[in-house]
Every structure is written in structure tokens, then in C-alpha cells.
Amino acid sequence: MARPSLKGGLFALGVGMSVRQEIAELVYAAAKAAQSAGEIPPAVLPEPSVERPARPEHGDYASSLPLRLSRAARANPIAIAEAISKRMPRHAALGEVSVAPPGFVNIRLADAWLADQVNAIIAAGADYASSDLGRGRRVQIEFVSANPTGPLHVGNGRWASIGDSLARVLAAAGYGVEREYLVNDAGTQALIFADTVLARYRQLFGHEAEIPANGYPGEYVIDLAREIKDEHGDRFLDATETPAELKRISIEKMIARIRADMTAIGVNYDVWFYESSLYEESDTYKVAMDRLRQKGAVVEKEGAVWLASSALGEDKDNVLIRSNGAPTYFASDVAYHYDKLIKRGFDQVIDIWGADHQGHVSRVKTAVQALGVEDGRLEIIIGQLVSLRRGDELGRFSKRAGNLVTLREIVDDIGADACRFFFLQRSADAQMEFDVDLAKQQSSENPVYYVQYAHARIAGILTQAAERGISFEQADLNLLRHEAELTLVRKMLLLPELVESIAENHEPHHLPHYALDLATTFHDFYEKCRVLNDEEPALRAARLRLAAAAKVVLARSLQLMGMTAPERM
RNA sequence: GUCCCUGUAGCUCAGUGGAAAGAGCGGCCGCCUUCUAAGCGGCGGGUCGGGGGUUCGAAUCCCUCCAGGGACGCCA
């Protein structure tokens, strides 16, 4: 990345940089200048970076560069810090720059500059916190992809919330994003499911039929069979084997339900990719397997075809093609990733899988590597599973056990917004406990409402201002000098940094925490600073603009989480 | 047995190299003649699983042990 340069002592503004980046570059430039002037001994400088001090007294940003440099430069960190602080380039955003032991440079943003950001935020509107970090690179995010053999359960809601928010953030950061759902319609489970549907279908006609040993005992299969009976009559009744058409119809109906469940929590996929298309509508599967053979990554033994993964650093080989000639799920996944990374050529592919697929990660990565895909283009996020708590009962509710809690059930009870917020709040790495009873309560202490309420409160103020004909197109923002006002601006300026970091580390769970923090700051401002104060019209206008900006940032935060921003509550 | 994730306040969890560890919930005490009390303020609460190491500095990195979850199929 090209660094901004010093021009006549005035620092050139970096285009599209976050405040944080700019400050880091300023400190770096100051250190360079101090070195050139011989005030700091020559030593290789660490990459530009600044920290966010935990305590407000330490300023808005802090650099520990002097501490990092002191050993290599053989100099006192305080002396280095002082040299840097004296050499800091001028910049409108810079306020007080101070030195603190054991060797920090603490930087405060200038009040006037801060207040001025209110205009910038309002001007950016719904695009606030957008950037061109991704420069249009194409990223595909595949998530949920639950087998179309049953309804989505609560855990699937977690991957949906994480995947969709990540997609929203990446889009904000300038990536070309596609959301994809892989429909597993080609494997053994799909067959068993279709067999189960056929058995239920026969039973509806009074025929003797048992669902397969490994079949799907859930009630929903009976409903499905009834629908098929109503729509297609008895045309599948005499089949000796489960007809392909019945399987297709059954899976299509399940997918329709899954799609509806996803829509209910605000998730819309760009592509529903059918596993069967790798075999039927294209030769992708064949091409991918041939490619592995060409690369010498395949061995044949015991009548089956294996990926020679043990030669590639894995603990064992894995079967690609069974001895009966049928491809395994693994082979499908290899072909699927060939399709994504080579055929469709996404710059980056992110898969979100549940922890029960964790053992699958390294072999897929190994296979993708064997296909010749560059390292780092495939990222697999493993999300730990969701435990459900009901009263004192704690456990995993599975499709088989029949005590399944469906995603739809929770969404209907507590609402899509609350679901998404709760699912998003925990990092994917952490096992999550979902208290069904608590979530179902519409508790007033619910953090979801706390955030949305802040937005609604602002909307109320702006509505009143409009009703009273108060205009605030123009305002002297320098009147914003109250600590609560400037703290609010500071908090709003954090969102672009957050979007940037989530786009890089793919950890959207910081979003709800930020939103909560922002809402707290707004509520504090609301308590301390009356907006519609008729005795001071100039201050009133400035605060109205500040409130309008806060509304923009709250709405954007909610939008990135896939939640609604209510105008009143 | 091997591999992956986790262990932070009573509970659910943030914080992954910086300055005195945070939030929400729960508990206790206060605040509505003023823009929405789904709000605000205050109090109490921690051997950051144990031990060792690296570092100017460790909840954060390394080693080891303990505990919980997950995975080790010609299922997906």
C-alpha cells in the first residue's frame, strides 16, 4: 500500500483510510522524521499501528512504538516518545499529543475536527462505514447448507446469522459478495429421505410400509407425503424402487421450506447450488477427479479410489470413489470446491461449517491444494455447536431424538431481530448456550430492544423537530463541546474501523457488542443533553444534527446485523 | 489413543502482546411536572482452570497438566 507522503510539512490525507490508519501513518512519519533528524537512533521501524487505549485519559489512540523500538535503537523509550511527539505532522484531526510512561505516545482527537465529523456522517448516510478495502474482489460465502431432509433447527440459525452478517460487512468493505447454499441432493442421505417419504406415502393409502431403519421418523415427512398425495395422487404407489421424480419433488419441497425459514430471518441467498448438478448438468465431478489423477494425488486400492492425502501430510487417505463406483460426500465436496475456486474462479471462498464437520476441514483443504489452488483462497470457519437450555434441562436437541427445536419456532416466538442479535453475539469459536425459555420471553431488559430503542428515540426527536418546523440543515457544530456529545461522536467514528477489521478477521460477533456500546453512549447523551431546547436554538440545531448522525450510525449497525431499525417502539 | 474448539464476575459471554480486567443478565439502593423509564445513576461481585516459560510488558504467545464439547465411516 502506498503511504501518504509529507508535503510541505502538511500531511496529505489518505483517501478511503480509516482515522485509525491515518493516525498510525502520522506516528510512523513522525518517527521517520525524527530518525532523519538524528533524534532517534536508526533502527527498523515496526509496521504502522496504533492502539485503542482502554482508559479515556490515555487519549483516543496510543502508540507503543517507542517501547517496541527501544531495544533495537538502544534508547530510552520516553526519549523516543518525546522525539516522536515533537515531530508529529500537522493534521486537522490531531489534538493533544502527549508522552506517558513507560513510553507511550498518547493522541487525542481535536474537538473541532470531531464535531465536524457529524456532517460527514450525515452526508454518507446509509453508506457510512463503507470502504473500497476489497477493491471489488469476488468472495463467496457458503453457509448453513443443511441437508434437505428435515427442517432447519436452532443451530442453523447461528450459521445463517454469522454468514449473512459477514456477507453484509464484506459488501460494505467493497467486496463483491455472493451467498450460496449447497443443496445435498445427490448422496445417500437424500436417497434414504426419499425412501422415507415413499413409505409414508404408501401408509397414507393404507399400504403396509415401514420407514427405513436409518430413515427420518419426524412428523413433517408425513405432511410432506400428504402434500405429494394431494398433488400427484397414486402415481408413485406401484413403484418398486423410489422414483427419481419423487426424490426430486421431496427435496424441492424441503428446500422451499428452508428457503422460507431463511427469508423469515432476513437471509436471502444468491445461489442455491445443487450437488446433483456436478454430475448431471455438467462434467465438473469428472473433470475435478481427472485433475486430481493428473496431479498424481490419487491411489486405487481395495477396489476404491482414494485421495493420497497421507502423502500430503494427512494422517490417512480418504475414499473418493467407493468400490461400487459411487462418489463419496468427500468427492462431491472436492468437485464442488473445484467448481467454486477454479471453474467459477472466486478470489476467495469462505465456508461456514458446524463443529461436527471439523474432521472434514483438513482433508478438503488438502484436496483443494492438490487441485492446485493457491493457499489462503479457501477459508473454512468452524462454528461450535449450540446447546439448548429449557429450564434446568440442558442438552442437544437432535432431529433423530424428536425433541427438535426448529429455527422457525424460535423465530416466530422471539422475532427475527432478536434471533439474529443473540446468534451474532457469540464468537463462532465459542460453544453457545441458547436459553429457549429466556429467549422466548419478551423481556424489557433485552439488549436487542436497548439498541433499537436508541434508534426509535432519535426518530421521535427528529419527528417532533419536523412537526415544530425546526430546521437544522445548517448548524454551528463547534457548539458541541459537552463531554457526552463528543463521546458520542468518538463512538460513531469506530464503525468504519470495525467494518474494516471484521472484513479482515471475519469475526462479525463484534457487531452486536459495538451496537450496544453505541446505544449506551447515545442514551447517556440523551440524559445529559436536552436536544429540543428552545432557549438555545443554535445549540438545538447542532444537537439535532448530532442526533441525526447517531441515527445514521445506529441504522447502519443494525443493517449490518440484518436487523430492522424501528422508527418508533 | 490422535486431532480441533473452549475454560475470564453467581449465570451467559466480550476482551488474543500494552497502562488499574469489561458488558449483559441476576442481586441491592435511588431517579419520570421536561425530547419515549424498552431509559439513567449508584453498590456489591474476579487466584482471567492449575503450573512452568518467553517478553520491558501475558487473560492474550510457548510447554505441560486438569476439565468440558466436537471429530476420527467406502454417512453427510
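The sequence lines fix the lettering, A, B, ..., with proteins before strands; numbering per chain opens at 1.
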Q | Stepwise side-chain contact (heavy atoms from CB on, under 4.5 Å) test for A:H337 and A:D351 | A | CA-CA 10 Å; A:H337 283 86; A:D351 294 347; 2.5 Å; yes
Q. Are A:E567 and A:K551 within salt-bridge range, i.e. N to O under 4.0 Å?
A. yes
Q.
Looking at B:A37, I'd like to know if its phosphate oxygens (OP1 or OP2) sit under 4.0 Å from a side-chain N or O belonging to A:Y526.
A. yes
(Q) Give the residues of residues 314-321 of chain A touching RNA chain B, defined as any heavy atom closer than 4.0 Å, sorted by residue number. (A) A:K316, A:V319
Q.
I'd like to check the ring pair (Phe, Tyr, Trp, His ring centres under 6.0 Å) partners of A:F522; sequence neighbours left out, ordered by chain and number.
A. A:F525
Q: Starting from the 5' end of RNA chain B, give me the residue, A:Q425 or A:E51, whose nearest nucleotide shows up first.
A: A:Q425
**Q.** Any residue meeting ring pair (Phe, Tyr, Trp, His ring centres under 6.0 Å) with A:Y269, in chain and number order, not counting sequence neighbours
**A.** A:F143, A:Y181, A:W272
Q: Determine the interatomic distance between C1' on B:G70 and the same-named atom on B:U60; round to the nearest Å.
A: 24 Å
(Q) At 4.0 Å (heavy atoms only), tell me whether A:H510 reaches a base, stays on the sugar-phosphate, or touches nothing. (A) sugar-phosphate
Q: Can you tell me, in whole Å, how much space there is between the C1' of B:A76 and that of B:A71?
A: 14 Å
Q. So does A:R68 get a side-chain nitrogen or oxygen closer than 4.0 Å to the phosphate oxygens (OP1/OP2) of B:G17?
A. no
Q) When the P atoms of B:U6 and B:C61 are considered, how many whole Å apart are they? A) 9 Å
Q | Below 4.0 Å: OP1/OP2 of B:C72 and any side-chain N or O of A:R363 | A | no
